[in-house]
Amino acid sequence: MPQVTESIIINVSPKVIYEVALDFEKYPEFLSDVKQATIQNGKGKSLIVDFDIKVIKSIQYTLKVTGNPYKSIQWDLIKGELFKKNSGGWVFKEEGKGKTEATYTVDIDFGLFVPSMITSKLIGSNLPSMMKKFKERAESLA
């Protein structure tokens with residue numbers, strides 16, 4: 001599957017959206033597909049995070065996440081039952097006082113045959129909705 005990128009303007013500083021994006025264990029509070037996100041190891045700029053999401057079926061995977069405070073977050077797949085590749089990240093660019101352009105990029109490849117309904121939901125239809133949820137969450141905390 002090709003890489004997908006989407007951007008959104010969020011009415012908060014890069015610091016606020018960076019902290020929301022790194023607060024994995026709170027994802028289930030505002031992202032309905034995320035059933036659980038658990039930080040297994042690390043703190044600060046380098047983390048190992050286990051995810052359990054439900055997109056038509058339950059999917060578990062583990063990512064290595066690296067942050068560049070208030071500027072970017074990158075991740076790479078460590079293991080996952082459906083994924084052959086899952087890499088991507090966020091880039092946060094200040095767009096004037098109290099505004100940030102948040103750009104999300106994901107590059108996913110599946111190791112097995114995965115129904116197009118799941119791939120479409122994971123990448124296509126979910127991405128704009130997910131971006132809106134991050135925007136709402138960050139703006140509610142500012």
Side-chain angles (χ1 to χ4, degrees), residues 1-42 44-96 98-142:
M1 174 162 271
Q3 179 174 297
V4 178
T5 299
E6 180 138 343
S7 295
I8 191 168
I9 298 295
I10 302 175
N11 297 311
V12 298
S13 69
K15 180 181 190 289
V16 173
I17 186 58
Y18 176 85
E19 289 173 357
V20 168
L22 269 186
D23 197 359
F24 298 105
E25 292 176 336
K26 294 225 174 123
Y27 280 17
E29 294 177 13
F30 66 99
L31 297 173
S32 61
D33 291 342
V34 179
K35 301 308 171 197
Q36 188 170 0
T38 307
I39 297 170
Q40 290 299 324
N41 194 331
K45 296 183 206 174
S46 185
L47 307 168
I48 305 296
V49 186
D50 291 331
F51 289 89
D52 183 359
I53 65 172
K54 177 118 186 195
V55 181
I56 300 164
K57 69 173 258 149
S58 212
I59 302 169
Q60 288 83 34
Y61 58 96
T62 302
L63 300 177
K64 178 179 183 194
V65 180
T66 306
N68 179 5
Y70 319 131
K71 295 185 183 336
S72 65
I73 298 169
Q74 302 298 314
W75 67 82
D76 284 297
L77 181 70
I78 293 176
K79 66 180 179 179
E81 57 192 35
L82 282 183
F83 299 114
K84 182 175 175 184
K85 177 181 187 180
N86 180 341
S87 62
W90 288 95
V91 174
F92 308 109
K93 182 179 167 198
E94 191 162 9
E95 289 290 318
K99 286 187 190 267
T100 301
E101 179 185 50
T103 301
Y104 180 91
T105 301
V106 65
D107 189 1
I108 292 178
D109 190 9
F110 298 97
L112 308 168
F113 169 75
V114 177
S116 63
M117 192 166 48
I118 292 177
T119 60
S120 295
K121 188 159 172 57
L122 269 173
I123 301 296
S125 60
N126 262 19
L127 190 55
S129 172
M130 184 203 71
M131 297 291 284
K132 184 178 176 195
K133 298 277 184 192
F134 272 97
K135 175 182 172 67
E136 290 169 358
R137 178 69 169 202
E139 289 176 353
S140 76
L141 297 174

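Along the sequence shown, the residues carry numbers beginning at 1.
- One finds the CD1 atom of Ile17 at 9.0 Å from the CD1 atom of Ile8 (value rounded to the nearest 0.5 Å).
- Nearest approach of Ala138 to Val16, heavy atoms of both residues: O-CG1, 3.7 Å.
- Side-chain contact between Ile10 and Phe92 is absent, with no heavy-atom pair separated by less than 4.5 Å.
- When all heavy atoms are compared, the tightest approach of Glu6 to Leu127 is CB-CD2, 3.8 Å.
- Between atom CG of residue Leu77 and atom CD1 of residue Ile108 there is a gap of 9.5 Å, rounded to the nearest 0.5 Å.
- A heavy-atom distance below 4.5 Å is not found between the side chains of Ile59 and Phe51.
- In plain terms, the two heavy atoms of Leu22 and Tyr27 that are nearest each other are N-OH, 4.5 Å.
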Going through the distances and angles, do Thr62 and Val49 end up as a side-chain contact (heavy atoms from CB on, under 4.5 Å)? CA-CA 6 Å; Thr62 302; Val49 186; over 6 Å; no
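- The number of heavy atoms from other shown groups lying within 6.0 Å of NZ (Lys133) does not exceed 12.
- Ile39 and Glu25 make their closest contact through N-OE2, 3.1 Å (heavy atoms, listed as atom of the first residue, atom of the second, distance).
- Partner of Trp90 under the ring pair (Phe, Tyr, Trp, His ring centres under 6.0 Å) criterion, out of Tyr104, Tyr70, Trp75: Tyr104 alone.
- To the nearest 0.5 Å, the span separating OG1 on Thr38 from CD1 on Ile48 amounts to 13.0 Å.
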For side-chain contact (heavy atoms from CB on, under 4.5 Å), just list the numbers for Phe134 and Leu31, CA-CA rounded to whole Å, side-chain angles, deciding distance to a tenth of an Å, and then say yes or no. CA-CA 8 Å; Phe134 272 97; Leu31 297 173; 3.7 Å; yes
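- Taking 4.5 Å as the limit, every side-chain heavy atom of Thr105 sits out of range of all side-chain heavy atoms of Val91.
- Here the side chains of Asp33 and Lys54 are not in contact, with every heavy-atom distance at 4.5 Å or above.
- Closest approach of Thr100 to Val12, counting heavy atoms only: OG1-O, 2.7 Å.
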